[in-house]
Amino acid sequence: MIIKELKGLANGANIINLYGWVDNVRDHGGLTFIDLRDFDSSIQLIFDKESKITKTVKNEFYIMVSGVFNQRDKNLINKKTLFGDVEILIESLTIINESKTLPFQIEDGIDTDESIRLKYRYLDLRRNEMKQNIIARSNTFKSIRNIMNQLDILEIDTPTLIKSTPEGAKDFLVPSRKSPGSFYALPQSPQMYKQLFMMSGFPNYYQIAKCYRDEDSRKDRQPEFTQLDLEFSNGSPDLVKENIEIIVQHIFKEAFDLKIPIPFKTITYNESMTLYGTDKPDLRIKETISDITDVFAQTEIKFIKEIIEDSGKVLSLFTQKSLSRKEIDLLDEKIKNLGSNGLGWFKVTDNEISGPLAKILLPNEKQELIAFGDGLIVFQAGNLYEVGKYMDILRQEIFKDRVEDSTSFLWVDDFPYFEIENGSLQPSHHPFTAPKDTDIFKNNPNESKALHYDLVLNGVELGSGSQRINDPQVQKLVLEKWGLTEEDIGERFGWFIEALSYGTPQHAGFAIGIDRLVAEILKQPSIRDVIPFPKTQSGMDPLTEAPSLINESDLAEYNLRYIEDEQ
Ligand code: ASP
């Protein structure tokens with residue numbers, strides 16, 4: 001019997017057999033109390049005589065007990081637990097399996113190092129707060145499948161041993177034993193396969209897909225993650241967005257009992273960068289960035305003058321809050337760590353302006369800044385797209401106590417096709433995304449926009465998608481403008497361009513990060529808290545110690561061997 005089936009049993013009911021873990025043991029002289037826990041409940045067991053066996057029972061032993069059901073006296077009811085009004089008077093106890101001394105307590109709110117929790121993840125998952133996270137994840141999967149069935153979208157799987165065609169991050173590679181020297185890659189996403197389904201004539205597709213990207217783990221990144229991947233034949237951005245809104249609304253309701261309004265608001269990439277300094281703004285903070293470049297049109301502040309002459313901007317945030325010098329220094333440190341030259345600021349108090357640069361302000365500058373009112377003006381000067389990231393952090397830090405307790409969804413679209421990453425041109429989404437205007441793209445790819453849209457939830461990029469290229473010539477053109485040689489295109493994407501060449505319908509799709517979605521709804525500090533067996537920041541699994549070295553003879557079967565480290 002499981003504990004939750006006890007509800008409704010009569011006092012003194014027949015002998016009951018229960019299985020579970022010992023949650024704790026309390027010895028009160030002649031009486032011993034054990035809290036017995038199973039998957040979803042716990043109940044107090046009472047041993048009314050000194051029993052030898054109870055003396056040896058410790059936390060997390062798995063036991064079987066037989067006893068009689070008893071209603072507790074009214075004044076002894078423990079209102080904190082579901083079965084606090086009943087107990088079992090024990091007649092016999094059998095130890096099914098003992099437990100070694102625990103590395104941490106099985107309780108909520110422990111401050112054990114995460115690497116220890118991950119090493120003993122099977123114990124960590126016994127803790128109620130972790131168990132609830134995993135149940136929420138499971139409910140999310142269930143609600144996804146329910147809505148997909150309602151929408152008549154086909155669940156189809158795709159291979160995970162594929163050709164290496166990096167989409168931005170580095171691939172995880174798998175050596176082939178049968179073709180020595182050759183490698184498969186693990187998919188960064190099912191992107192090309194889901195497009196192949198459209199070429200194969202399927203009307204739509206979805207998959208709860210594992211994706212693999214060999215990049216540094218961060219708070220909301222893992223080398224292996226799970227996404228809800230979708231594609232619609234005859235699709236357009238509007239059709240995809242409408243479906244995603246219905247799907248997300250359904251997941252919130254069914255899996256989390258939360259109501260969210262649709263449709264979601266949409267802003268363009270440029271609006272987002274101008275108002276928030278980022279393409280994933282948290283709209284639960286209402287304050288936006290102001291462009292105060294005009295205030296400094298005649299400025300004598302040398303670095304600002306130079307930046308404005310170089311078409312740069314002066315971007316500011318204003319708060320009526322009076323921040324201390326220490327708080328200002330902390331903001332300065334935060335953005336300097338990200339690469340800023342430092343925080344610019346002016347303080348206005350009773351029509352007086354202070355701050356490191358206040359003395360060299362022109363009278364009209366003083367006047368215009370004082371007009372903001374009493375409070376603090378912080379600013380960054382430079383290229384809008386470069387200083388945006390500092391303004392984004394400042395906005396989040398300064399107004400962190402003004403984050404509204406709501407759920408804020410936002411579509412961001414009209415992205416530039418290419419962006420510069422570490423000095424090289426990268427598609428802002430992936431190279432299968434259709435340019436907004438092929439002619440503009442042909443002549444001026446750097447100025448061209450992409451039919452790419454992101455979904456942002458509370459400042460977190462929840463998902464991305466795009467209209468796809470369905471014309472083989474345009475696909476080739478994009479790869480060329482990306483900088484690939486004819487040979488590279490043939491070698492890496494020739495098969496895909498060939499597949500596009502047999503009557504491919506227009507199609508569009510999307511992918512939602514499921515780990516991020518669940519972590520955000522449950523307000524968890526990291527996506528690792530909603531993934532049953534995540535990797536550490538360095539990509540390690542402390543439980544199994546993967547990745548691990550392979551012995552030389554096994555390697556030889558793949559025609560591989562270790563080489564001496566040259567250093
Ligand atoms: N394949 C893309 C990704 O995983 C999403 C999409 O465009 O559908 O980021």
Side-chain angles (χ1 to χ4, degrees), residues 144 148 153-160 162-172 185-199 202 204-215 218 220-245 247-248 269 279-280 411-415 417 419 421 426-436 449-457 460-470 475 478 482 493 496 500 505-517 527:
I144 288 172
M148 292 302 164
I153 302 179
L154 301 167
E155 179 171 10
I156 326 179
D157 55 337
T158 52
T160 50
I162 66 166
K163 184 179 173 71
S164 177
T165 45
E167 276 177 44
K170 291 254 178 296
D171 277 340
F172 280 100
L186 300 179
Q188 295 193 19
S189 83
Q191 184 60 38
M192 285 189 269
Y193 284 97
K194 66 175 168 177
Q195 290 191 242
L196 290 175
F197 286 136
M198 304 301 106
M199 299 170 209
F202 288 89
N204 54 35
Y205 140 99
Y206 90 92
Q207 179 179 196
I208 296 178
K210 287 276 177 220
C211 303
Y212 306 86
R213 296 182 191 175
D214 193 355
E215 55 193 352
R218 277 182 260 149
D220 59 354
R221 298 246 167 121
Q222 276 276 300
E224 180 180 358
F225 60 94
T226 309
Q227 72 181 26
L228 166 58
D229 199 48
L230 291 130
E231 199 70 17
F232 297 89
S233 186
N234 290 317
S236 63
D238 283 345
L239 178 114
V240 173
K241 286 179 182 175
E242 273 163 32
N243 275 282
I244 294 293
E245 287 170 353
I247 292 162
V248 170
Y269 171 82
D279 57 6
K280 34 182 178 296
W411 290 111
V412 180
D413 64 10
D414 236 11
F415 279 79
Y417 200 96
E419 54 192 25
E421 244 177 58
Q426 289 297 336
S428 68
H429 192 35
H430 50 56
F432 314 109
T433 299
K436 193 169 172 187
K449 299 268 189 261
L451 288 174
H452 155 203
Y453 34 88
D454 274 2
L455 182 60
V456 180
L457 166 60
V460 172
E461 185 192 313
L462 192 62
S464 294
S466 60
Q467 180 80 38
R468 322 302 187 186
I469 297 165
N470 69 326
Q475 184 62 77
V478 165
W482 185 19
F493 299 103
F496 188 72
L500 278 171
Q506 63 279 24
H507 54 290
F510 202 74
I512 295 179
I514 296 180
D515 313 304
R516 285 187 191 175
L517 177 70
I527 59 168

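One-based numbering, in listed order, for ligands and for the atoms of each.
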Inset, instruction - Say whether His429 and ligand 1 are in contact under the criterion: heavy-atom distance to a ligand atom below 4.0 Å. - result: yes

Record the part of [X] in heavy-atom contact with ligand 1 below 4.0 Å; permitted values are side chain, backbone, both and neither.
X	answer
Arg213	side chain
Ser464	backbone
His430	side chain
Lys194	side chain
Arg468	side chain

Legend entry - Intermediate values then yes/no, side chain to side chain contact (heavy atoms under 4.5 Å, CB included), Trp411 and Lys241: CA-CA 9 Å; Trp411 290 111; Lys241 286 179 182 175; 3.7 Å; yes

Inset, instruction - Return yes if a side-chain donor-acceptor contact under 3.5 Å exists between Gln207 and Thr158, otherwise no. - result: yes

Per-atom contacts, ligand 1 versus [X] - under 4.0 Å to a heavy atom:
X	answer
Ala511	5 (C), 8 (O)
Gly465	7 (O)
Phe510	8 (O)
Ser189	1 (N), 4 (O)

Measuring from [X]:[atom1] to [Y]:[atom2], what's the distance to the nearest 0.5 Å?
X	Y	atom1	atom2	value
Ile162	Met192	CD1	CE	6.0 Å
Ile153	Glu155	CD1	CD	11.0 Å
Leu462	Ile514	CG	CD1	10.0 Å

Legend entry - Leu230 backbone acceptor or donor facing Lys194 side chain under 3.5 Å: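 Indeed, once roles are kept as given, a pair shorter than 3.5 Å links the two residues.
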
Legend entry - Thr160 and Pro190, any side-chain heavy atoms less than 4.5 Å apart: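 No, their side chains stay 4.5 Å or more apart.
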
Legend entry - Geometric N/O contact Gln227 with ligand 1, under 3.5 angstrom: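 Between Gln227 and ligand 1 (N or O atoms, distance only) the closest approach is under 3.5 Å.
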
Inset, instruction - Indicate yes or no: does an N/O atom of Glu231 lie under 3.5 Å from an N/O atom of ligand 1? - result: no

Inset, instruction - Using a strict cut-off of less than 4.0 Å between a Lys/Arg side-chain nitrogen and an Asp/Glu carboxylate oxygen, indicate whether Asp454 and Lys280 qualify as a salt bridge. - result: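 Lys280 and Asp454: not salt-bridged.
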
